[in-house]
Amino acid sequence: MRRPLVAGNWKMHGSRESVAQLVQGLLSEQVGEGNVDCAVFPVAIHLSSVLAQVAGSKLSVGAQVCAAQSGQGAFTGEVAAEQLQDLGCKAVLVGHSERRQLFAETDALVAEKFAAALRAGLTPVLCVGESLAEREAQQTEAIVLQQLRAVIELCGAEALRQAVVAYEPVWAIGTGLTATPEQAQAVHKVIRDEIAVYNSEIAAQVRIVYGGSVKAANAAELFAMPDIDGGLVGGASLDAKEFAAICRAAEQ
């Protein structure tokens, strides 16, 4: 049985005060204390304070991005996966659609960042998903598998044993649109079936979470699908009560 995971991607939101209040709200709601793994992914400048605030709780903290380069070096503005691990992070997002679209991160670069995260002992959360135009052109499966295979080709299917996959249809991120549970399940099954081609054991155990306007109102329906193991939550994760409700939906 795969243990559900609900992760909150805070994107470029929050001041010191609002982030402290949000974390306090999550702790008050006992987020992460049930039979579900819960994580938050704050802006990089807030990682230290969030890590200090959640110390002793079961709420884990990850970063939104890492460098493809390992160790230290002359890479102005970048943060190495090893530095994130040293800080206390447990995971890092790789290949989020906003990184792919707005910052021109290619499948190859995403694979390199995935590898860098693994080398540092972080859990890479590999984000895959198609645009609305790609879905309308019936290219969803081809796009998602292309993104997945880039990682498998560089790192091997065995690497997915230490990873999480997040299916995020680009057309449903921040738009209020959500894939129906059946639409999401169909893509999750495609992903799991593809991994099974390489290793059926890993396919059975890897967590594949859904992202794309997940909220308390639709979480239970989504999480009831057999291949959906939780959610990568955007805007709704900025509200402690809403995020807690999504986590409770994953437990059930």
S.K.: With distance as the sole test, does Gln53 use its side chain to make a donor-acceptor pair with the main-chain N or O of Ala20 at under 3.5 Å?
M.R.: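 It does hold such a pair.
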S.K.: Between the side chain of Ser18 and the main-chain N/O of Gly14, is any donor-acceptor distance below 3.5 Å?
M.R.: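 Checked: no pair found.
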S.K.: Considering non-hydrogen atoms only, spot the tightest contact between Leu47 and Pro42 and give its length.
M.R.: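 Closest pair (atom of Leu47, atom of Pro42, distance): CD2-CD, 3.7 Å.
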S.K.: Quick one: do Arg135 and Glu130 satisfy salt bridge (Lys or Arg N to Asp or Glu O under 4.0 Å)? Show the steps, please.
M.R.: CA-CA 6 Å; Arg135 172 166 280 270; Glu130 83 286 6; 2.8 Å; yes
S.K.: Rounded to the nearest 0.5 Å, how far does CD of Glu141 lie from CD of Gln139?
M.R.: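 Between Gln139 CD and Glu141 CD, I get 12.0 Å after rounding to 0.5 Å.
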S.K.: Side chains of Ser60 and Asp37: closer than 4.5 Å at any heavy-atom pair?
M.R.: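 No - every pair of side-chain heavy atoms lies 4.5 Å or more apart.
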S.K.: For Lys215 and Glu242, what are the C-alpha separation, side-chain angles and deciding distance, and is it a salt bridge (Lys or Arg N to Asp or Glu O under 4.0 Å)?
M.R.: CA-CA 7 Å; Lys215 47 183 97 59; Glu242 180 82 1; over 6 Å; no
S.K.: Applying side chain to side chain contact (heavy atoms under 4.5 Å, CB included) to Lys11 and Val43, what does each step give before you reach the verdict?
M.R.: CA-CA 6 Å; Lys11 306 190 180 185; Val43 177; over 6 Å; no
S.K.: Does Val61 belong to the same Ile/Leu/Val/Met/Phe/Trp/Tyr cluster as Leu93, with side-chain heavy atoms less than 4.5 Å apart forming each link?
M.R.: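 No, Val61 and Leu93 fall in different hydrophobic clusters.
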S.K.: Carefully, step by step, assess Asp107 and Arg149 under the rule salt bridge (Lys or Arg N to Asp or Glu O under 4.0 Å).
M.R.: CA-CA 9 Å; Asp107 292 343; Arg149 286 168 183 160; over 6 Å; no
S.K.: So, taking the atom named CD in Gln183 and the one named CG in Leu222, what distance separates them when rounded to the nearest 0.5 Å?
M.R.: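 It is 10.5 Å, given to the nearest 0.5 Å.
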S.K.: When you look at Leu109 and Lys113, which way does the side chain to side chain contact (heavy atoms under 4.5 Å, CB included) test go after all the steps?
M.R.: CA-CA 6 Å; Leu109 179 58; Lys113 291 189 173 194; 4.2 Å; yes
S.K.: Closest heavy-atom contact between Ala179 and Pro169?
M.R.: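 Here Ala179 and Pro169 meet closest at CB-CG, 4.4 Å.
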S.K.: Taking CD in Gln30 as the centre, count heavy atoms belonging to other residues, nucleotides or ligands within less than 6.0 Å. Is the count above 12?
M.R.: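 Atom CD in Gln30 is not crowded, with 12 or fewer foreign heavy atoms closer than 6.0 Å.
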S.K.: Does any non-hydrogen side-chain atom of Trp10 lie less than 4.5 Å from one of Leu22?
M.R.: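 A side-chain contact exists here, since the closest heavy-atom pair is under 4.5 Å.
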S.K.: Within this structure, what is the SG-CD distance for the pair Cys127 and Glu168, rounded to the nearest 0.5 Å?
M.R.: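 Here the rounded value is 5.0 Å.
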S.K.: On a heavy-atom basis, which atom in Ala81 and which in Ala117 lie closest, and how many Å separate them?
M.R.: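 Shortest heavy-atom contact: CB-CA, 3.9 Å.
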S.K.: Following the transitive rule for hydrophobic clusters with a side-chain heavy-atom cut-off under 4.5 Å over Ile, Leu, Val, Met, Phe, Trp and Tyr, establish whether Val206 and Leu154 coincide in one cluster.
M.R.: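 No, Val206 and Leu154 fall in different hydrophobic clusters.
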S.K.: Carefully, step by step, assess Val36 and Val6 under the rule side chain to side chain contact (heavy atoms under 4.5 Å, CB included).
M.R.: CA-CA 7 Å; Val36 57; Val6 178; 4.2 Å; yes
S.K.: Are any side-chain N or O atoms of Arg161 and backbone N or O atoms of Ile202, one a donor and one an acceptor, separated by less than 3.5 Å?
M.R.: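 Flag not set: sc Arg161 to bb Ile202 has no pair under 3.5 Å.
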S.K.: Taking Tyr167 for the side chain and Gln185 for the main chain, is one N or O donor matched with an acceptor at less than 3.5 Å?
M.R.: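 Judged by distance alone, no pair lies under 3.5 Å.
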S.K.: Any side-chain to backbone donor/acceptor pair from Gln64 onto Phe41? Under 3.5 Å, distance only.
M.R.: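 Pair found, side chain donor or acceptor close to backbone of Phe41.
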S.K.: Looking only at heavy atoms, which two atoms of Gly8 and Ser237 are closest? And how far apart?
M.R.: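 Heavy atoms only, the tightest pair is CA-CB, 3.5 Å.
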S.K.: Please answer whether the main-chain N or O of Ser131 pairs with a side-chain N or O of Glu134 as donor and acceptor at a distance below 3.5 Å.
M.R.: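 Yes; judged by distance alone, with no hydrogens or angles, the pair exists.
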S.K.: Could you tell me whether a side-chain N or O of Asp229 sits under 3.5 Å from a main-chain N or O of Ile208, the two making a donor and an acceptor?
M.R.: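 Side chain of Asp229 to backbone of Ile208, a donor-acceptor pair under 3.5 Å: yes, one is there.
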S.K.: Could you tell me if the side chain of Val170 sits less than 4.5 Å from the side chain of Leu132, heavy atoms only?
M.R.: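 A side-chain contact under 4.5 Å is absent here.
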S.K.: Indicate yes or no for a side-chain donor-acceptor contact from Glu251 to the backbone of Asn35 under 3.5 Å, with no hydrogens or angles considered.
M.R.: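 Yes; judged by distance alone, with no hydrogens or angles, the pair exists.
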S.K.: Keeping the roles fixed (side chain from Arg192, backbone from Asp227), state whether a donor-acceptor pair exists under 3.5 Å.
M.R.: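 Indeed, once roles are kept as given, a pair shorter than 3.5 Å links the two residues.
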S.K.: Can you get from Phe223 to Val233 by hopping between Ile, Leu, Val, Met, Phe, Trp and Tyr side chains that sit under 4.5 Å apart?
M.R.: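 Hydrophobic grouping puts Phe223 with Val233.
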S.K.: Grouping I, L, V, M, F, W and Y whenever their side-chain heavy atoms are under 4.5 Å apart, do Phe75 and Val92 come out in a common cluster?
M.R.: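 Per the 4.5 Å side-chain linkage, Phe75 and Val92 are not co-clustered.
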S.K.: Could you measure the distance from the CD1 atom of Ile191 to the CD atom of Gln147? Nearest 0.5 Å is fine.
M.R.: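 If we round to the nearest 0.5 Å, Ile191:CD1 and Gln147:CD are 9.0 Å apart.
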S.K.: Start with the C-alpha distance between Arg119 and Glu82, add both sets of side-chain angles, then the distance that settles salt bridge (Lys or Arg N to Asp or Glu O under 4.0 Å), and finish with yes or no.
M.R.: CA-CA 8 Å; Arg119 287 194 296 269; Glu82 288 86 355; 5.2 Å; no
S.K.: For the residue pair Val214 and Ala236, what are the closest heavy atoms and their distance?
M.R.: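 Taking Val214 first and Ala236 second, the nearest heavy atoms are O-CB, 3.5 Å.
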S.K.: Could you tell me whether the side chain of Leu26 reaches within less than 4.5 Å of the side chain of Val40, counting heavy atoms only?
M.R.: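 The answer is yes; the side chains approach within 4.5 Å.
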S.K.: Answer yes if Leu148 and Ile228 sit in the same cluster of Ile, Leu, Val, Met, Phe, Trp and Tyr residues linked by side chain heavy atoms under 4.5 Å apart, and no otherwise.
M.R.: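 Yes; tracing contacts between hydrophobic side chains, which count when under 4.5 Å, links both residues.
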S.K.: Look only at the side chain of Thr123 and the backbone of Ala163, and say whether a donor-acceptor pair between them is shorter than 3.5 Å.
M.R.: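 No.
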S.K.: To the nearest 0.5 angstrom, please state how far the CZ atom of Arg16 sits from the CD atom of Gln21.
M.R.: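 Answer for the CZ-CD pair, Arg16 versus Gln21, is 13.0 Å.
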S.K.: How long is the gap from CG on Leu122 to SG on Cys89, to the nearest 0.5 Å?
M.R.: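 Rounded to the nearest 0.5 Å, the CG-SG separation comes to 7.0 Å.
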S.K.: Determine, step by step, whether Val165 and Arg207 satisfy the side chain to side chain contact (heavy atoms under 4.5 Å, CB included) criterion, reporting the C-alpha distance in whole Å, the side-chain angles of both residues, the deciding distance to 0.1 Å, and the verdict.
M.R.: CA-CA 6 Å; Val165 179; Arg207 292 188 288 189; over 6 Å; no
S.K.: Using 4.0 Å as the upper bound for N to carboxylate O, is an ion pair formed by Glu105 and Arg100?
M.R.: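 No salt bridge links Arg100 with Glu105.
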S.K.: Find out whether Pro124 and Leu126 are in side-chain contact, i.e. whether some heavy atom of one side chain is under 4.5 Å from a heavy atom of the other.
M.R.: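 No, side chains not in contact.
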S.K.: Minimum heavy-atom separation for Phe114 to Cys155, with atom names?
M.R.: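 Smallest interatomic distance, heavy atoms only, reads CD2-SG, 3.7 Å.
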